[in-house]
Amino acid sequence: MPLSDGGVAADGPVAVVSRLLTWSVVDGPGNRFVLFLQGCNYRCAACHNPHTMGLCDHCGLCVPGCPSGALTMKDGKVVHDPDVCINCDACLRVCPRHANPMVRHLSVADVLALLRENAAFLSGITVSGGEATLQLDFIAALFAAVKAAPDLRHLTCFIDSNGHLGADKWAKVLPVTDGVMADVKAFDPVRHRRLTRQGNVRPLASARLLAAAGKLYELRFLMIPGETDDADEIAALAAFVTELGLKTRVRLNAFQHHGVRGTALAWPKMSRQGVEAAAAALRAAGLQTVALPAVWLP
Amino acid sequence: MSDSLSQLRRITGDPTLNFRQKEHALAVAAENMLPYPPLDVETAAALDARLICDMYEGNAPYKPRYVLPDYEVVLKNGSAHLELPRPETLDEAINTLQIAYHHVPSVTGLPVFIGHLDALLLPFCDGVSDDDLYRKIKLFWRYIDRVLPDAFLHADIGPTDNRVARAILRVDAELKQIAPNLTFLYDPEVSGEDILRLCTDNIVACSKPHIANHPLHAAVFDAPGYGIVSCYNALPLGGGAATLSRVNLRKVAEASDSEADFLDVKLPRYVALAARLMRARVDHLFRRSGFFEGSFLVEEGWISRDRFTAMFGVFAMAEAVNHLQDLAGRPGRYGLDDAANAIGHRVSERLAELVAAEPMEHVWRGVAMLHAQAGLSNDAGTTPGVRIPYGSEPDPVTHVRALLPHHRHYLSGVSEILTLDETVRANPEAVFQLARGALRMGFREFTANVAGNDLVRVTGYMIRLSDVQAYNEGKTARTNTTSLGAEAAAQTPILNRRPRVVGLELAAGAGA
């Protein structure tokens with residue numbers, strides 16, 4: 001199996017990683033080491049990381065536009081040299097597949113080594129994306145290895161997911177997972193399909209399953225003006241969380257233009273006022289923890 | 001009118017200085033009309049070219065740069081000179097300290113150290129309720145900020161977790177004042193994580209306290225101990241620092257042909273010249289100024305003549321390393337590239353060797369102490385100490401890991417400031433993780449600014465952004481450091497960088 005599609009190498013599963021961070025304060029509790037895994041099964045117009053959606057098919061369209069010469073074609077494959085790369089992201093802008101030729105391939109051992117280097121500063125690790133759970137075997141192996149390592153087992157293991165994963169698959173990873181941040185993109189099924197090109201039966205089922213397992217750290221809801229900010233959506237969110245348990249932590253995110261490409265750039269940005277009004281409505285409905293964006297961009 | 005008279009005239013008519021600030025500026029100007037302590041030609045030339053720098057401390061040093069009295073002396077004995085009885089109650093103890101502060105000199109004219117306040121006040125707290133303690137500390141804090149309004153003024157607390165330290169942290173977060181600056185001395189064996197978490201929560205609220213790695217500092221100093229003062233200088237308690245001179249590493253690198261030339265020829269040369277400069281200044285203070293002969297602080301044992309070190313400062317490490325990289329044709333930049341960082345670590349190691357080999361008469365232990373110096377508000381084109389240049393800082397964890405190997409060499413302090421994005425407010429646990437991790441890995445001190453706080457550090461001292469705004473509009477600043485911050489803000493990119501708000505430190509001749 002070619003490594004660019006992830007998969008299993010001789011010494012275990014290998015992840016296709018779009019980016020990694022040793023400092024993140026917005027991907028779970030405390031400071032988190034974050035792996036953004038490449039590839040997503042949704043095609044949300046509002047995505048703020050659209051370059052994490054696709055996997056490279058080595059078409060080579062990005063190579064001529066690389067100003068530093070970090071990208072070359074070798075044996076029909078796009079090859080990236082990180083030592084030469086100037087991180088200008090020109091390749092991301094020309095890629096027709098929303099892929100990223102700068103991905104790294106990391107084994108479980110690679111990630112454990114990175115965690116050990118940074119462990120003194122970390123509360124835990126979060127795998128995000130893309131849709132992290134598309135590389136579920138890697139996640140399961142990584143988290144199991146963290147839990148088995150005496151010097152790392154204090155780190156909490158979190159997944160950030162769109163919730164499309166089925167129950168049987170969750171069962172593979174939940175025993176080694178401490179918490180999941182799960183999205184519900186919209187409660188109206190038609191709207192959900194319009195926004196993501198997928199239905200919302202699976203994300204709703206995932207949220208219920210995770211809540212029942214005590215693993216739902218946070219339910220995330222992106223407010224988009226004219227779409228998910230309407231009263232019916234907020235009322236449906238309130239009803240859903242009431243069903244899950246009023247203690248469920250809910251995070252309202254506000255649609256912004258940063259990172260967004262294409263048609264969604266024509267959509268208005270979500271106002272602070274609108275998010276705060278929704279938060280007030282949710283609190284009035286009895287929700288105990290409603291988190292809002294930490295920073296409001298002007 | 002002569003230039004010097006015009007200068008005095010300008011000070012007396014400056015509408016942005018209050019009368020006390022004018023007095024201080026006039027005194028500095030008058031001192032600088034005197035001849036400089038005798039220097040050899042080579043040293044004088046290096047000083048003129050500012051390869052070495054005397055921090056504009058003044059031409060006739062008549063007081064040590066930093067004085068760290070052992071305030072326990074006056075709390076235990078009272079003071080014959082000040083006609084103060086030994087205090088018996090918490091009110092009397094605080095009142096005694098408030099009086100004492102007015103008699104402690106420093107380069108700024110205001111004390112830079114006001115004591116290990118929890119250790120000093122705890123013996124007076126028996127029978128004082130938590131609520132009373134909180135109220136008294138609050139009044140004390142207000143007094144300090146309003147009467148001694150200088151952000152170089154520094155209080156220490158810790159390493160124990162105790163009532164007074166907690167009351168101080170509570171009041172400090174509530175009042176968000178510029179003064180006093182505050183350091184918690186953290187010892188993982190003694191302090192416990194609860195109070196470290198209180199400290200990091202306070203950082204989120206008001207970018208204070210600074211957290212010092214107590215076991216690392218304690219190992220450097222002897223039994224009377226040390227204090228953290230001014231811009232995070234670690235100095236002997238019951239003494240202080242006679243002087244601080246510094247080497248501009250950027251200029252030394254620019255005078256070098258290669259890394260080898262820098263490390264083997266030019267750096268030794270300019271370290272030697274800076275040492276000569278320091279000896280001349282120290283000699284004047286100890287033998288000509290009469291300070292130690294006429295001081296009741298010495299007579300009553302608040303300070304000892306033999307406990308004053310000399311601080312050997314360096315700055316512009318980043319520019320020096322980048323220049324050496326350019327000479328070698330390598331693109332990697334300081335802070336971001338392993339090879340560049342490794343050069344920096346070699347430079348720090350070399351500096352430590354060289355400074356330890358320069359004997360200094362009168363000075364505590366006979367040699368100066370290396371210090372990563374935070375800058376002056378009129379520095380341009382240089383980055384303070386060993387910091388990573390503004391705007392090119394990596395994430396905080398990478399940042400700490402890049403600078404860590406420097407820390408063991410800077411025995412009198414390494415002024416580093418991490419700037420944290422405002423999103424961290426929603427996740428204070430991350431600040432705790434970062435601080436604990438950095439200290440565990442061997443960071444000598446941990447200091448952070450949270451972007452978006454009105455109260456921010458400008459390389460070690462605190463300013464209010466709203467005060468800078470008012471100052472720029474021509475209103476008189478209540479606090480001394482505002483004008484320094486405004487100067488730094490105008491001359492350096494400190495306020496318009498990405499989150500980091502740091503800059504060049506004090507005004508020439510005004511402070512630390």
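Order of the sequence lines sets the chain letters (A, B, ...), proteins ahead of strands, with each chain counted from 1. Quick caveat, the model's predicted, so the values are computed rather than measured.
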Does a sphere of radius 6.0 Å around [atom1] in [X] hold more than 12 heavy atoms from other residues, nucleotides or ligands, not counting ones at 6.0 Å or beyond?
X	atom1	result
B/Arg333	CZ	yes
A/Arg261	CZ	yes
A/His48	NE2	no

(message) Which residues pass the side chain to side chain contact (heavy atoms under 4.5 Å, CB included) test with A/Val63, not counting sequence neighbours?
(response)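 A/Val63 satisfies side chain to side chain contact (heavy atoms under 4.5 Å, CB included) with A/Leu71, A/Met73, A/Val78 once adjacent residues are dropped.
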(message) Only pairs of heavy atoms separated by less than 4.5 Å count here; which of B/Pro396, B/Gly332, B/Pro428, B/Pro331 has the most with chain A?
(response)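 Heavy-atom pairs under 4.5 Å are most numerous for B/Pro396.
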[atom1]/[X] to [atom2]/[Y] distance, rounded to the nearest 0.5 angstrom?
X	Y	atom1	atom2	value
A/Asn118	B/Thr398	CG	OG1	7.0 Å
A/Phe121	B/Arg440	CZ	CZ	10.0 Å
B/Asp395	A/Leu21	CG	CG	7.5 Å

(request) Please assess A/Asn31 against B/Val397 for the test side-chain contact (heavy atoms from CB on, under 4.5 Å), listing each intermediate value before the final yes or no. (result) CA-CA 10 Å; A/Asn31 177 36; B/Val397 171; 3.7 Å; yes
(message) With heavy-atom distances below 4.5 Å as the criterion, would you say the side chains of A/Trp23 and B/Leu420 are in contact?
(response)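 A/Trp23 vs B/Leu420: side chains touch.
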(message) For residues 429-439 of chain B, give me every residue with a non-hydrogen atom less than 4.5 Å from any non-hydrogen atom of chain A.
(response)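 Within residues 429-439 of chain B, the residues that come under 4.5 Å of chain A (heavy atoms only) are B/Glu429, B/Ala430, B/Gln433, B/Leu434, B/Gly437, B/Ala438.
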(request) Heavy-atom distances under 4.5 Å only: say whether A/Leu122 touches chain B with side chain, backbone, both or neither. (result)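 Backbone only.
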